[in-house]
Amino acid sequence: MSKKYGIIEIGSNNTKTHIYENSKVLYDKTTTIEFKKNYRNKGYVSESDLEKLYEEISKALEYTKDIHIYGCSIFRNMSDAALEQINATLKKKFNLVIEVVSQEDEAILTAKGCYQNIQYDNNLCIFIGGGGSIELIFVKNKEIFGRKFYNFGVVDVTSKFPELKEDIPKVSFDEVTNYVNSLIGDIGFEASAIVLAGGDHLYWFNNALYEMEDNTLYRSNRQKYMIKTEKVDVYDHDMMINSLDAIRNRSDNPAWFDGSRAMRIIANLITHKIGAYVVIPTDINMEDGLKEKMAV
């Protein structure tokens, strides 16, 4: 029997919509909706952000009525009354509601999407980067042996250093790194490789024209590429003195790149703090863990 369903994952900065039929992707779209930034500035969820969300839901409903909506960090932090009001509107408009996912559940679901179908004997760190939170899951032979959760993300760093969004920022790589380091502190775990998940890291690497190698650590259709850490260091330092607008102009979603430098600095610092010598960029996110359940 054919099974068609949709997953809408609402993050602090990006909303991802996917429609599946028997695990095959029928529709795939990432829309930048800056829920966290605008919530912080106004103290409430803006109507314009909700209207963008309504558009995404309406598009998804053209494919199937079986739609599942999950809210991540920004929805964890808002009041119960604010969430109830949003869900009341969604229920009236679409007969749907947002299910808020805990930070731990989001991290575990995303991590499973990375490690459940690979064979790798060494320590692996799964970095889950978002607009409002950062999670690290450490895995060896498909067993989790460590985790670190942080209640800050890309939006917090770009709020501290808004010039990171500019074509060429005046702030230095080291200045931003030192600030992020003050938020991270001691991690306490090590890994030989780091998998970048939780967002479309490949979107940055491809549009920024980072050269990648085939992943020789393990085989995975969703984790095909890797870059040695020393090479990533060169790229990440260069991004602070090269044009961000040139990268935006190569893309189909220019607003997505507002947080790209912040994300790279966070990921770069963590890569060094855990001693990883290889970086594996992916577009794996929470729904990769969710869809395994829904496809059953």
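Quick note: residue numbers are just sequence positions, from 1. Keep in mind that what you see is a predicted model, and the values were worked out from it rather than measured.
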### Query
How far does CD of Glu287 sit from CD1 of Ile8, to the nearest 0.5 angstrom?
10.0 Å
### salt bridge (Lys or Arg N to Asp or Glu O under 4.0 Å) contacts in which one or both residues fall within residues 188-197, not counting sequence neighbours
none
### For His272, all residues meeting ring pair (Phe, Tyr, Trp, His ring centres under 6.0 Å), sequence neighbours excluded
none
### Task
For Asp167, enumerate each residue passing the side-chain hydrogen bond (donor to acceptor under 3.5 Å, both in side chains) test, keeping only those at least two apart in sequence or located in another chain.
Ser243
### Query
Mind checking what makes salt bridge (Lys or Arg N to Asp or Glu O under 4.0 Å) contact with Asp258, not counting sequence neighbours?
Arg248
### Query
Are Tyr225 and Met263 in one and the same hydrophobic cluster, where Ile, Leu, Val, Met, Phe, Trp and Tyr link if side-chain heavy atoms are under 4.5 Å apart?
yes
#### Entry: Partner residues of Phe257 under the ring pair (Phe, Tyr, Trp, His ring centres under 6.0 Å) criterion, sequence neighbours left out
Tyr203
## Note on the structure
In this structure, SG of Cys114 is separated from CG of Leu109 (nearest 0.5 Å) by 11.5 Å
### Partners passing salt bridge (Lys or Arg N to Asp or Glu O under 4.0 Å) against Arg264 (at least two apart in sequence or in another chain)
Asp236
### Task
Check ring pair (Phe, Tyr, Trp, His ring centres under 6.0 Å) between Phe205 and all other residues, then give those that pass, not counting sequence neighbours.
Tyr210
### Task
Give the ring-plane orientation class for Phe152 versus Tyr150, where under 30° counts as parallel, over 60° as perpendicular and anything between as tilted.
perpendicular
### Task
Could you pull out the closest heavy-atom pair between Thr30 and Asn253, with the gap in Å?
O-ND2, 3.7 Å
### Query
ring pair (Phe, Tyr, Trp, His ring centres under 6.0 Å) with Tyr44: which residues, sequence neighbours excluded?
none
### Message
Over 60° means perpendicular and under 30° means parallel, so tell me whether Phe145 and Phe189 are parallel, tilted or perpendicular.
### Response
perpendicular
### Query
Can you name the residues that form a salt bridge (Lys or Arg N to Asp or Glu O under 4.0 Å) with Glu143, not counting sequence neighbours?
none
## Note on the structure
dist Phe75:CZ -> Ile69:CD1 (nearest 0.5 Å) comes out at 9.5 Å
#### Entry: Qualifying salt bridge (Lys or Arg N to Asp or Glu O under 4.0 Å) pairs, either residue in residues 104-132, two or more places apart
Arg76-Glu106, Glu104-Arg147
## Note on the structure
Taking every heavy atom of Arg250 against every heavy atom of Asn207, the minimum-distance pair comes out as NE-O, 2.8 Å
### Message
Give me each pair satisfying salt bridge (Lys or Arg N to Asp or Glu O under 4.0 Å) with a member in residues 6-18, each pair once, sequence neighbours excluded.
### Response
Glu9-Lys16
### Query
Regarding Glu175 and Thr177, is there a side-chain donor-to-acceptor distance under 3.5 Å anywhere?
no
### Task
Please say which of Gln223, His201, Arg222 ends up in a side-chain hydrogen bond (donor to acceptor under 3.5 Å, both in side chains) with Asp283.
Arg222
### Message
Strictly by salt bridge (Lys or Arg N to Asp or Glu O under 4.0 Å), give each pair with a member in residues 203-215 just once, sequence neighbours left out.
### Response
Glu211-Lys231
